Trainee: 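The structure's right below; bear with me while I get my questions together.
The structure presented is a predicted model; accordingly, all values stated were derived computationally and were not measured. In each ligand, atom 1 is the first atom listed, and ligand 1 is the first ligand listed.
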Amino acid sequence: MALFMAILGVLVLLLCLCSALLKWNEVRFRRKGLPPGAMGWPVFGETTEFLKQGPNFMKNKRARYGSFFKSHILGCPTIVSMDPELNRFILMNEAKGLVPGYPQSMLDILGTRNIAAVHGSTHKYMRGALLSIISPTLIRDQLLPKIDEFMRTHLMDWDNKVINIQEKTKEMAFLSSLKQIAGMESSSIAQPFMTEFFKLVLGTLSLPINLPRTNYRGGLQARKSIISILSRLLEERKASQDVHVDMLGCLMKKDENRYKLNDEEIIDLVITIMYSGYETVSTTSMMAVKYLHDHPKVLEEIRKEHFAIRERKKPEDPIDCNDLKSMRFTRAVIFETSRLATIVNGVLRKTTHDMELNGYLIPKGWRIYVYTREINYDPFLYHDPLTFNPWRWLGNSLESQSHFLIFGGGTRQCPGKELGIAEISTFLHYFVTRYRWEEVGGDKLMKFPRVVAPNGLHIRVSSFSN
Ligand code: HEM
């Protein structure tokens with residue numbers, strides 16, 4: 001009896017302590033004018049519920065508080081905006097103090113000159129420098145030929161093999177951009193570079209705890225290694241007279257280039273390009289393979305488009321810009337994949353000063369989660385939204401609608417959109433014309449907070465001509 005009373009006493013005490021902590025945390029963030037919502041536990045906030053419940057967390061909160069509410073997730077007091085109009089307003093108004101609000105680990109590891117870390121005129125300049133090396137003309141003349149050459153080789157020898165398509169598309173996204181940046185996808189430094197790059201990516205997604213063996217520490221060390229690889233490359237190029245037709249070559253042409261970047265800026269820009277295009281391109285490619293596998297009619301249609309292109313060409317002819325333009329259905333498959341899989345759930349901003357937003361007062365330094373995921377499943381915007389239907393993108397201008405935020409919006413809209421589409425389209429071209437495939441089966445796919453197959457996505461591949 002005494003033991004029972006003691007346990008009961010401890011439980012009651014714990015309960016009181018928990019509710020006192022929750023209350024204290026609410027009071028701590030209680031300020032006049034804040035939107036409705038809950039702040040959860042001290043330090044952790046509602047992060048556990050957010051990660052555990054995923055999209056349902058957001059749906060439940062919206063049902064309770066409306067489309068604009070406060071919470072405390074991923075280490076920060078956060079305002080979540082699920083209102084399409086307001087989301088556009090936030091993305092269009094960086095100049096009013098709504099700047100990128102990406103986590104500290106990302107900023108530490110990607111560098112102070114990284115595009116997400118700079119604002120105002122510095123951002124304009126860095127973005128200009130980036131756009132100048134991925135312009136439509138350069139995509140046509142320099143980048144697409146490189147992408148084509150890379151994809152042909154990368155997709156060789158898959159016949160009769162079980163392939164982890166997640167791993168292959170990750171390698172593809174990294175090596176293809178390394179070829180475009182420095183033309184060295186098959187050099188001896190490509191593999192060690194890739195290993196360091198994967199560590200860097202892991203680090204940016206971790207908590208900023210600088211202790212041995214943490215992903216964050218690993219990410220910081222990977223950044224150092226990558227800087228040393230790239231610095232050596234820059235020095236070698238400066239010392240030689242060779243002309244290099246690649247992104248680095250363009251950035252280093254100080255006399256002819258309108259945008260003059262120093263070595264540190266060039267290195268951070270290179271890391272930005274690799275990082276921004278890596279997960280988006282690889283995951284969209286993997287999910288396109290998944291959806292094509294599950295939807296034979298769509299696969300038949302996309303094959304028709306790509307075989308028609310091959311019929312116009314000799315086997316050794318590369319994909320060119322006109323071919324790319326003719327891939328209307330492939331483009332639709334890419335958009336539909338991005339929409340249904342929701343590769344990007346939203347984007348993060350933070351306030352540079354106290355400001356009024358949607359009638360509420362948002363304190364300086366609070367994060368704003370522009371949550372765009374729900375738009376993708378809105379039945380008023382996309383008929384039968386849970387069905388994979390690429391045809392919905394043909395013949396109407398869904399791509400130019402204001403709610404189309406798959407590539408972001410406003411001043412930070414993805415500058416790599418067409419480059420990314422070119423990469424995925426070329427990958428799909430060689431994949432669907434060379435191979436058939438079936439899933440080995442049983443692989444788990446997680447859709448939130450990132451689209452990922454924790455144990456890989458395995459497919460059995462055989463040559464189409466067999
Ligand atoms: C399917 C492929 C891609 C998707 C879905 C995608 C998506 C996005 C989104 C949603 C944003 C907005 C981020 C924000 O507002 O904070 C963004 C920005 C960005 N993307 Fe992409 N992206 C893709 C491919 C690429 C590629 C291949 C590159 C390589 C050049 C790239 C480079 C960037 C950069 C540098 C930014 C930041 C722009 C700025 O802050 O001004 N992206 N992307």
Side-chain angles (χ1 to χ4, degrees), residues 81 87-88 90-95 98-103 106-107 110-111 113-136 138-139 143-144 146-147 169 172-174 176-181 247 250-251 268-288 330-331 333-350 367-373 375-376 399 404-428 450-451:
S81 170
N87 282 351
R88 275 200 78 70
I90 296 167
L91 296 182
M92 305 297 283
N93 282 287
E94 179 163 347
L98 291 158
V99 300
Y102 289 96
M106 217 179 249
L107 299 179
L110 296 183
R113 313 302 282 173
N114 171 263
I115 215 157
V118 292
H119 319 135
S121 55
T122 317
H123 169 246
K124 221 169 158 189
Y125 198 79
M126 294 299 283
R127 193 176 160 98
L130 172 57
L131 286 169
S132 76
I133 56 171
I134 55 172
S135 66
L138 284 180
I139 293 184
L143 303 178
L144 191 53
K146 284 192 166 60
I147 294 170
T169 49
M172 168 195 100
F174 171 79
S176 159
S177 77
L178 191 59
K179 185 176 175 84
Q180 295 163 54
I181 289 166
M247 290 182 182
C250 291
L251 291 170
D268 276 358
L269 192 58
V270 165
I271 296 176
T272 298
I273 296 170
M274 288 185 151
Y275 184 82
S276 314
Y278 165 67
E279 188 151 322
T280 46
V281 167
S282 64
T283 313
T284 311
S285 305
M286 172 182 83
M287 288 309 292
T330 306
R331 194 174 174 90
V333 165
I334 294 171
F335 289 158
E336 186 66 349
T337 300
S338 312
R339 181 192 71 80
L340 193 59
T342 299
I343 308 292
V344 180
N345 285 302
V347 300
L348 292 170
R349 296 291 181 266
K350 71 174 181 219
R367 189 179 281 160
I368 299 184
Y369 191 2
V370 179
Y371 188 74
T372 50
R373 184 185 179 94
I375 298 175
N376 291 342
E399 191 188 339
F404 179 81
L405 291 173
I406 286 168
F407 293 89
T411 39
R412 298 268 171 178
Q413 186 168 39
C414 179
K417 177 182 170 195
E418 293 307 325
L419 181 59
I421 292 175
E423 288 185 84
I424 302 166
S425 304
T426 315
F427 161 72
L428 288 175
R450 292 159 64 221
V451 180

Trainee: Between Phe407 and Phe404, what is the ring plane arrangement, given parallel below 30°, perpendicular above 60°, and tilted in between?
Mentor: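 Geometry flag for Phe404 against Phe407: tilted rings.
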Trainee: How far is atom 13 (C) of ligand 1 from its nearest protein heavy atom, and which residue and atom is that?
Mentor: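 Minimum-distance protein heavy atom for atom 13 (C) of ligand 1 reads Val347 CG1, 3.7 Å.
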Trainee: Closest non-hydrogen protein atom to atom 31 (C) of ligand 1, residue and atom name please, with distance?
Mentor: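 That would be Ser276 CB, 3.6 Å.
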Trainee: At their closest point, which heavy atom of Arg127 faces which heavy atom of Gln413, and how far apart are they?
Mentor: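 The answer is NH2-O, 2.7 Å.
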Trainee: Which ligand 1 atoms does Tyr102 reach within 4.0 Å, using its non-hydrogen atoms?
Mentor: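 Answer, ordered by atom number: 13 (C), 14 (C), 16 (O).
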Trainee: Ile115: heavy atom below 4.0 Å from ligand 1, yes or no?
Mentor: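 Yes; Ile115 lies near enough to ligand 1 that a heavy-atom distance drops under 4.0 Å.
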Trainee: Any side-chain heavy-atom pair from Val99 and His123 closer than 4.5 angstrom?
Mentor: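 A side-chain contact under 4.5 Å is absent here.
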Trainee: N/O to N/O below 3.5 Å, does that happen between His123 and ligand 1?
Mentor: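 Between His123 and ligand 1, an N or O pair is found under 3.5 Å apart.
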Trainee: For Lys417, I'd like to know if atom NZ has over 12 heavy atoms of other residues, nucleotides or ligands within 6.0 Å.
Mentor: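 Counting other residues, nucleotides and ligands, NZ of Lys417 exceeds 12 neighbours.
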Trainee: Where's the contact between Leu130 and ligand 1, heavy-atom distance under 4.0 Å: side chain, backbone, both or neither?
Mentor: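 Only the side chain of Leu130 comes within reach of ligand 1.
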Trainee: So, the side chain of Ser177 versus the backbone of Phe174: is there a donor-acceptor pair under 3.5 Å, distance only?
Mentor: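 Looks like yes, one N/O pair under 3.5 Å.
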Trainee: Is the side chain of Glu279 donor-acceptor paired with the backbone N or O of Tyr275 at a distance under 3.5 Å, no angle test?
Mentor: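 It does not hold such a pair.
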Trainee: Would you kindly say whether Arg339 and Asn376 are connected by a side-chain donor-acceptor distance under 3.5 Å?
Mentor: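 No, no side-chain donor-acceptor pair sits under 3.5 Å.
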Trainee: Heavy-atom pairs closer than 4.0 Å: do any link ligand 1 to the side chain of Arg349, the backbone, both, or neither?
Mentor: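 The answer is the side chain of Arg349.
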Trainee: Tell me the protein heavy atom at minimum distance from atom 25 (C) of ligand 1, and give that distance in Å.
Mentor: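 For this ligand atom, the closest protein heavy atom is Cys414 SG, 3.7 Å.
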Trainee: Compare all side-chain heavy atoms of Arg412 with those of Leu91 and state whether any distance is below 4.5 angstrom.
Mentor: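 Not in contact.
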Trainee: Ile424 pairs by side chain to side chain contact (heavy atoms under 4.5 Å, CB included) with which of Ser285, Ser282, Ser338?
Mentor: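 Exactly one candidate clears the test, Ser285.
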Trainee: Does any non-hydrogen side-chain atom of Leu269 lie less than 4.5 Å from one of Leu130?
Mentor: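 Touching, per the 4.5 Å side-chain cut-off.
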Trainee: Nearest protein heavy atom to atom 11 (C) of ligand 1, by residue and atom, and its distance?
Mentor: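 Sorting protein heavy atoms by distance from atom 11 (C) of ligand 1 puts Phe407 O, 4.0 Å first.
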Trainee: For atom 39 (C) of ligand 1, which of the options Met126, Gln180, Arg127, Glu279 provides the nearest non-hydrogen atom?
Mentor: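 That would be Arg127.
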Trainee: Using distance alone, determine whether Thr284 and ligand 1 share an N or O pair under 3.5 Å.
Mentor: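 No; the residue has no nitrogen or oxygen that sits under 3.5 Å from a nitrogen or oxygen of the ligand.
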Trainee: Tell me which protein heavy atom sits closest to atom 26 (C) of ligand 1, plus the residue, atom name and distance to 0.1 Å.
Mentor: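 Its nearest protein heavy-atom neighbour is Gly277 CA, 3.5 Å.
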Trainee: For atom 23 (C) of ligand 1, which protein heavy atom lies nearest, and how many Å away is it?
Mentor: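 Closest protein heavy atom to atom 23 (C) of ligand 1: Thr280 OG1, 3.4 Å.
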Trainee: Quick test: of every protein heavy atom, which one is nearest to atom 10 (C) of ligand 1, and how far off is it to 0.1 Å?
Mentor: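 I find the closest protein heavy atom is Gly408 N, 3.3 Å.
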Trainee: Can you give me every donor-acceptor pair (side chain of residues 115-122, partner residue at least two apart or in another chain, under 3.5 Å) with its distance?
Mentor:
none

Trainee: So do Phe335 and Ile421 actually touch side chain to side chain, heavy atoms under 4.5 Å?
Mentor: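 Side-chain contact under 4.5 Å: yes.
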Trainee: Answer side chain, backbone, both or neither: which part of Arg412 comes under 4.0 Å from ligand 1, heavy atoms only.
Mentor: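 Both backbone and side chain.
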Trainee: Can you tell me which portion of Thr272 lies within the under-4.0 Å heavy-atom range of ligand 1? Options are side chain, backbone, both, or neither.
Mentor: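 Thr272 to ligand 1: side-chain contact only, backbone stays beyond 4.0 Å.
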Trainee: Could you establish whether Ser338 and ligand 1 come within less than 4.0 Å of each other, counting only heavy atoms on the residue side?
Mentor: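 Under 4.0 Å: no for Ser338.
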Trainee: Where is the nearest protein heavy atom to atom 36 (C) of ligand 1: which residue, which atom, and how far?
Mentor: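 Ranking protein heavy atoms by distance from atom 36 (C) of ligand 1, first comes Pro415 CD, 3.5 Å.
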Trainee: Quick check on contacts: which atoms of ligand 1 are under 4.0 angstrom from a heavy atom of Ile406?
Mentor: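 Here the atoms of ligand 1 in question are 5 (C), 7 (C), 10 (C).
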